[in-house]
Amino acid sequence: MTQPQAALPAPDSDPAARAITRFPLALGPLVCDPSAIFDSEKIRSQIDDLATSKDNATLRGEVVQLLRDANKAGRALIAEQFAKAPFDARPMTRSYTFLTDGLVTSALYAAIEIMHPAATPTSSERIAVISVGGYGRGEMAPASDVDLLFLTPYKITAWAESVIESMLYILWDLKLKVGHASRTIHDCLRLGREDFTIRTAMLEHRFLAGDQDLADELDQRLTRDLFQGTAHEFIEAKLSEREARHIKQGQRYMVEPNVKEGKGGLRDLQSMYWIAKYLYQVQDTAELVPLGLFESEEFDLFAKAENFLWAARSHLHLLTKRASEVLSFDMQVEVAERMGYQDVAGRRAVEIFMQDYFRHATTVGDLTRIFLTKLEASHQKGEPLLERLFRRRPKTKPGYTVVNNRLDVVEPETFLNDKLNLLRLFEEGLRTGMLIHPDAMRLVTANLDLIDDDFRKTPEARRIFLDLLLKHGNPERALRRMNELGVLSAFLPEFAPIVAMMQFNMYHSYTVDEHTIQVIVNFAAIEREELEEELPLSSKIMRKGLNRKVLMVAMLLHDIGKGQPVDHSILGAQIARKVAPRLGLNKADSETVEWLVRYHLLMSDMAQKRDIADPRTVRDFAKAVKTVKRLDLLTVLTVCDIRGVGPNTWNNWKAALLRALYKQTREALENGMEALNRELRGTSAKKALRAALPDWPKAVLKKETARHYDPYWQGLHITGHVDFAEMLRELEQSEDPGNIVIRLFPDDDRDATRACFVMPDHPGIFARVAGALALVGANVVDARSYTTKDGYVTDAFWIQDAEGHPFEASRLPRLRQMIRRTLKGEVVARDAFKARDKIKKRERAFNVPTHITFDNDGSEIYTIIEVDTRDRPGLLYDLARTLTAANVYVANAVIATYGEQVVDTFYVKDMFGLKYYAASKQRFLENKLRTAIAEGAKRART
């Protein structure tokens, strides 16, 4: 199993010395001349010069210094050459292996020849040093582990112990991360049977130096006594490991992938090689082609993906100076720069780099599937190697056959005579519920050129494509496979730019194409009535009935304009205008699709960035939507879109906002805009309060209903009105006129805690409360502040913890205490924030430009100031404090967070109760807000 390695002439004639002084050989082309990386002959000559009458400790220190200098120089040279050719991964990995071989064999030489020479070695005083794992394979990244096996013939002797100990101390002093084991051949066999990790490591063993005969014996015994006849259990173990690894690391579309362990990463490529090596004793992945496991074109893809992933991983190691495997956001930017990626119009270099990454990761997934299916076909004896997904063979249409429970084509030539079969294959896959055989996939990808303009315009092609989306209940299966094979981009060329496109932000968890498929996954789940409890409104709309074809096409196209320098909604609508008719939609349906793509963010923005209790918000939204049919379509699209962003994006707060906006808008569309009249709402709210407090004296109730201005009655639910009425009564009955009444209500239905405050009114209260909440780690998602006619203020803040959940009951006492201390001036929020305003390192790579807009049309009585900027702790407090200092009255604040980006929307008046119409006043406020943002950002980065 070892790779053959010719021995160089030894410096003397002693057989033992000849074995020990073996020089490392390059395993292939390196980044430069091998002797420039590590000159073993020169190093050993220098070690010999050091060998005088010194004690071993002193000698070891001098050897370490010698090797340290050589290691430093060698690594610097490899890194320098790799920087010049940042994609040449294979010579780089071999070069680090060659350098490590030199260090290890030189350390062994010093230990055996100089520090612990054996004058007359016995048969038990033999040792072979063997590299295992990735080091044994000859693939090392800059910070890879050095995994060594010290092989002895029998139980380890005192001499061997001394040699190994001295050698390890040298390697440890060089700061190498050494994994080591001292074993006999019997130990290796026994442990290999028990532990598949050990077995895999020994599968890739490579003799470095020492006793060649001992290493050869291990090689033979492993093949005969461990590997032979155990392929089935080894493959099952590797596949189980792979599945567990993918579950732990996440799918290949996650935006901070693990280059080594993630799906589509290096470990998946290595698993294929391990299995092939175990079965066929291959020494190189190129041997998979003559074995029939890959076509030559597929091996070319394998090599390119492997090279790219090794390059990315190695640049990551060089940047972090450690064995870092996760391409975190900050590292993505730096790796992209090192690899030479550059910005282009509308896209950052890091996004282009990550698109390449995800394309290669997808390739790895495709190759793994092809490899395993081919393997299964080759070993169809008894139980199959792969778990059977389908126990019964479904009946297929003529022209198709079932091979190993996968759908294949009977006669490729006949299949291609009708090019529409390139789509029918996926239809048959959905109809039968079967996976498609890799041979059929190869046939499709090799003939994508058949999908031309004539193909796309064929009515039957349109029919098949729309049926894939609408008729089988699981369209995502066909879409994902079509996307991976290039069929989707061939049939819809406009889709090609967003394939594997990463959106460089913390909000989106998936690439754009995968996000699109996730949106459709959600829609299909609603249709199957699997989300009735989570999504009652969308489920109700679906039961009532809507135009599924329009909605599905809109979902497919809603983000198709991304990655360009223009607004993706506008560009997407222009693309939809061309694509929808091409898919066979009539004029009316095409116009609806275009409208949905153009305004697919409208409902989300209205619900999350505007005060939906303000009648003008609902009125403007209703005017934009125009019909209940469009409202229904947009609602389902919005829900599926938000849920498709990532696994933790959807929550009850967003659900409650969307339900409230939908309900009010539908009422306005069905019963007229008069239903949104402020006075009618106020009268209804007061009536509801009187009904909710039947035991209150009439005079007290009359005082309560008279003390509030109109916005108070329309902005809060009846539960809020009841709470504030009770809190105001409690405050008036207290003996302390400056008292503060605080009530905290965990609201699990909205995934938030409602924090209510009642106190005598005075300037700056809103900012102080915002500061107090931020100091205890509360994220404000909504805030309302109302002054009464008799000098009190009633503030309601909806807050969540860092995970987007209501504050735990155990944390509420501390929250209450911090709020009281801040409001009383005992804690100055700005000072307390100095230690908390830090932005995490992995988040610093994001560029979020600040946009500030003033809107005097979105509300009848307020100016709406929208601040779109970089999120950080204390931002809301800084903005509120700035507005207060400028004598701005903040009535409401609505906060929408999108990863590292936040949109804080303030409903404000000036000190005279007027809107900010004057451009000069708007510029003044904008400058103040920008200054506060810039100063806070500076603090956060220092």
Apply the test side-chain contact (heavy atoms from CB on, under 4.5 Å) to residues Thr787 and Tyr712: give CA-CA distance (whole Å), side-chain angles for both, the deciding distance (0.1 Å), then the verdict.
-> CA-CA 9 Å; Thr787 55; Tyr712 173 86; over 6 Å; no
From the options Asp782, Asp611, Thr905, select the one residue that forms a side chain to side chain donor-acceptor pair (under 3.5 Å) with Asn892.
-> Asp611
Spatial distance of atom [atom1] ([X]) from atom [atom2] ([Y]) [nearest 0.5 Å]:
X	Y	atom1	atom2	value
Leu537	Arg659	CG	CZ	7.5 Å
Leu469	Met552	CG	CE	5.5 Å
Arg768	Phe757	CZ	CZ	13.5 Å
Ser590	Leu585	OG	CG	5.0 Å
Ile895	Gln608	CD1	CD	12.0 Å
Leu466	Lys549	CG	NZ	6.0 Å

Residues [X] and [Y]: side-chain donor-acceptor under 3.5 angstrom:
X	Y	value
Gln800	Asp751	no
Asp559	Thr516	no
Asn652	Arg750	no
Gln922	Glu926	no

Cation over ring, Lys915 on Tyr862, under 6.0 Å and within 45°?
-> no
Is Arg690 close enough and on-axis enough to Trp696, meaning under 6.0 Å and within 45°, for cation-pi?
-> no
Is [X] salt-bridged to [Y], going by a charged N under 4.0 Å from an acidic O?
X	Y	result
Arg548	Glu527	yes
Arg643	Glu534	yes
Glu591	Arg577	no
Asp632	Lys544	yes

Could you tell me how the ring of His558 sits relative to the ring of His600: parallel (under 30°), tilted (30 to 60°) or perpendicular (over 60°)?
-> perpendicular
Are Val894 and Arg610 close enough, and set up right, to give a side-chain contact (heavy atoms from CB on, under 4.5 Å), and what steps lead you there?
-> CA-CA 6 Å; Val894 181; Arg610 290 291 182 266; over 6 Å; no
Could you check whether atom [atom1] of [X] has more than 12 heavy atoms from other residues, nucleotides or ligands sitting under 6.0 Å from it?
X	atom1	result
Lys698	NZ	no
Lys587	NZ	no
Lys921	NZ	no
Lys686	NZ	yes
Lys609	NZ	yes

Applying the ring-ring contact (aromatic ring centres under 6.0 Å, His included) test to His708, which of Trp713, Tyr792, Tyr786 qualifies?
-> Trp713
Assess whether side-chain contact (heavy atoms from CB on, under 4.5 Å) is satisfied between Ile642 and Leu658, documenting all intermediate values.
-> CA-CA 11 Å; Ile642 294 174; Leu658 289 172; 4.0 Å; yes
Ring pair (Phe, Tyr, Trp, His ring centres under 6.0 Å): pairs with one or both residues in residues 888-918, sequence neighbours excluded = Tyr507-Tyr898
Pair listing, ring pair (Phe, Tyr, Trp, His ring centres under 6.0 Å) test, anchored in residues 621-652, at least two apart | none
Residues Thr665, Met606; criterion side-chain contact (heavy atoms from CB on, under 4.5 Å); working and verdict | CA-CA 11 Å; Thr665 306; Met606 282 290 192; over 6 Å; no
Residues which pass salt bridge (charged side-chain N to carboxylate O under 4.0 Å, His left out) with Glu670, listed by chain and number, not counting sequence neighbours = Arg666
Arg616 side-chain N/O to Asp857 backbone N/O, donor-acceptor pair under 3.5 Å = yes
State which residue, out of Leu535, Ile541, Asp641, fulfils the side-chain contact (heavy atoms from CB on, under 4.5 Å) condition with Val636.
-> Ile541
